[in-house]
Amino acid sequence: MTPEIENAFAAIRAEFGAESIVRVEEMLEPGGSDRHPLQKAAKWIMPGLSATPWHDPYAYPELAPVVRELEAGHQAIKKELNVAWAARREAFSDYEHYLTRQENWQALYLFREGGLVEESAATVPTAYQVLKDVVVDTEKICPLLECHFSTLLPGAVIEPHCDLWNFSINLHLAVDIPDGCSITVAGETRSWEEGKCLLFDYSFEHEARNAGNRPRTCLLIDLWHPETTLPERRALVSLMTEIRRLMGDG
């Protein structure tokens with residue numbers, strides 16, 4: 001570890017106790033921790049988190065308020081999204097997944113690079129306000145990642161892949177869902193139900209497809225895994241920020 005990481009970890013231990021970030025430290029040990037076969041391609045697996053691909057969106061007291069607010073706001077969110085798609089297409093861009101860039105996978109960002117994308121407040125005000133009030137201001141979002149409207153055009157396929165780690169978790173609000181769309185996580189395929197949320201651990205291999213005849217849009221939010229603790233979250237932000245700096249990525 002670099003001196004910057006050592007110093008950050010020492011400060012967290014001093015504030016929260018010597019054992020407060022043991023799981024983060026174990027993640028860094030040579031060989032890492034045991035993992036599910038369908039998590040093999042993930043870069044970082046923090047031990048002690050439930051190896052569960054699909055989660056009940058209402059099962060966690062920390063996350064349930066987010067789910068309730070998003071689902072309650074669905075109709076307004078959908079209306080604003082459809083207006084933006086028709087009149088402000090320039091606000092959308094090819095999604096730059098860390099594996100690839102896809103022209104048939106469009107994104108409208110609300111949170112990126114550690115902060116809210118203020119320009120999106122005028123474009124999708126309901127989603128922006130819910131995100132700010134119940135996700136960002138409450139520090140439930142993983143600031144290392146993002147929130148965006150994810151639009152798959154007809155015929156688009158997201159190939160099977162694992163995302164980088166298991167200490168954040170992916171929430172989908174199904175905003176506009178045509179027939180013929182599905183998502184597979186760890187071999188289990190589900191369909192989105194418009195107006196409802198799905199929650200899954202994207203360190204497991206997953207893929208998605210739109211076999212419908214119009215775009216499929218979900219609002220995606222990268223949340224802290226609810227089984228992580230405050231000191232762990234602080235340590236993980238310090239760790240990954242320093243790693244990205246060393247790699248020249250921010």
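All residue numbers refer to positions in the sequence shown, counting from 1. Quick caveat: nothing in here was measured; it's all calculated off a predicted structure.
For the atom pair Q129 CD and L110 CG, the distance stands at 11.0 Å (nearest 0.5 Å). In this structure, the separation between CD1 on I77 and CD on Q75 is 10.0 Å, given to the nearest 0.5 Å. Here the CG-CD1 distance, from N210 to I183, works out to 12.5 Å after rounding to the nearest 0.5 Å. Atom CG of L199 and atom CG of D56 lie 8.5 Å apart (nearest 0.5 Å). To the nearest 0.5 Å, the span separating OG1 on T123 from CD on E119 amounts to 8.5 Å. The CZ atom of F92 lies 7.5 Å from the CZ atom of F149; values are rounded to the nearest 0.5 Å.
At a threshold of 4.5 Å between side-chain heavy atoms, the hydrophobic network of Ile, Leu, Val, Met, Phe, Trp and Tyr places V134 and L219 in one connected group. Cluster annotation: V83 is not connected to L131 through the hydrophobic network of ILVMFWY side chains, with a link wherever side-chain heavy atoms come within less than 4.5 Å. Taking hydrophobic clusters as Ile, Leu, Val, Met, Phe, Trp and Tyr residues chained together by side-chain heavy-atom distances below 4.5 Å, V185 shares a cluster with L164. Criterion: ILVMFWY side-chain heavy atoms under 4.5 Å apart, direct or through other members. Under it, F167 and L28 are part of a common hydrophobic cluster. Hydrophobic clustering, with ILVMFWY side chains joined whenever heavy atoms are under 4.5 angstrom apart, keeps I177 apart from L171.
Put simply, the side chain of T52 never gets that close to the backbone of H55: no donor and acceptor are under 3.5 Å apart. Formation of a donor-acceptor pair under 3.5 Å by the K140 side chain with backbone atoms of E62 is found in this model. A donor-acceptor pair is defined here as one N or O able to donate and one able to accept, closer than 3.5 Å; no such pair exists between the side chain of R209 and the backbone of V157. A distance-only check finds no donor-acceptor pair linking the side chain of R35 to the backbone of A41 [under 3.5 Å]. No donor-acceptor pair closer than 3.5 Å links the side chain of N166 to the backbone N or O of S203. A donor-acceptor pair under 3.5 Å links the side-chain atoms of H36 to the main chain of L38, judged by distance alone. In this structure a side-chain-to-backbone donor-acceptor pair under 3.5 Å is missing from T241 to S238. Put simply, the side chain of T229 gets close to the backbone of E232: a donor and an acceptor are under 3.5 Å apart. The main-chain N or O of F204 is found under 3.5 Å from a side-chain atom of H206 such that the two form a donor-acceptor pair. With E71 contributing its side chain and C197 its backbone, the two residues share a donor-acceptor pair below 3.5 Å.
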- prompt: What's the verdict on side-chain contact (heavy atoms from CB on, under 4.5 Å) for L116 and Y128, showing C-alpha distance, side-chain angles and the deciding distance?
  reply: CA-CA 8 Å; L116 287 159; Y128 182 92; 3.7 Å; yes

- prompt: Checking side-chain contact (heavy atoms from CB on, under 4.5 Å) for the pair R214/D176: CA distance, chi angles, key distance, verdict?
  reply: CA-CA 9 Å; R214 59 184 176 85; D176 192 353; 2.5 Å; yes

message: Before you tell me yes or no, could you show the steps for V24 and F9 under side-chain contact (heavy atoms from CB on, under 4.5 Å), namely the whole-Å CA-CA distance, both residues' side-chain angles and the distance that decides it to 0.1 Å?
response: CA-CA 10 Å; V24 178; F9 281 16; 3.9 Å; yes

- request: Let me see the working for Q39 and D201 under side-chain contact (heavy atoms from CB on, under 4.5 Å), right down to the final yes or no.
  value: CA-CA 10 Å; Q39 290 176 305; D201 181 339; 4.0 Å; yes

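A salt bridge links R245 to E242: at least one charged side-chain nitrogen sits closer than 4.0 Å to a carboxylate oxygen. The pair E19-R13 does not count as a salt bridge, with every side-chain nitrogen at least 4.0 angstrom from each carboxylate oxygen. Ionic pairing of R190 and E188 is present here: one or more N-O contacts between side-chain nitrogen and carboxylate oxygen are shorter than 4.0 angstrom.
Residues M46 and L49 are in side-chain contact: their nearest non-hydrogen atoms beyond the backbone lie under 4.5 Å apart. For the pair V135/C147, no side-chain contact is recorded, criterion being any heavy-atom separation below 4.5 Å from C-beta on. Residues E193 and L198 have side chains not in contact (no heavy-atom distance under 4.5 Å, counting atoms from C-beta outward).
Taking a 6.0 Å sphere around CD of E139, one finds it holds 12 or fewer heavy atoms contributed by other residues, nucleotides or ligands. Residue-environment remark: CD (E118) stays at or below the threshold of 12 foreign heavy atoms within 6.0 Å. In this structure, E15 places its CD atom where more than 12 heavy-atom neighbours from other residues, nucleotides or ligands lie under 6.0 Å away.
Using bins of under 30°, 30° to 60° and over 60° for the plane-to-plane angle, the ring pair F200/H172 lands in the perpendicular bin.
In summary, the aromatic rings of H148 and F111 are positioned with their centroids too far apart to meet the 6.0 Å limit.
With hydrogens and angles left out, the side-chain atoms of T189 and S182 include no donor and acceptor closer than 3.5 Å. Residues S150 and R216 bring a donor and an acceptor atom of their side chains to less than 3.5 Å of each other. Remark: the E207 side chain and the T184 side chain contain no N/O donor-acceptor pair separated by less than 3.5 Å.
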Give every donor-acceptor pair under 3.5 Å between a side-chain atom in residues 221-228 and any protein atom, sequence neighbours left out.
residue	atom	partner	partner atom	Å
D222	OD1	N170	ND2	3.2
D222	OD1	Y202	OH	2.6
D222	OD2	E146	N	3.2
W224	NE1	I141	O	3.2
H225	ND1	E227	N	3.1
E227	OE1	S50	N	2.8
E227	OE1	S50	OG	3.1
E227	OE2	S50	OG	2.7
T228	OG1	H225	O	2.6
T228	OG1	R233	NE	2.9
T228	OG1	R233	NH2	3.4

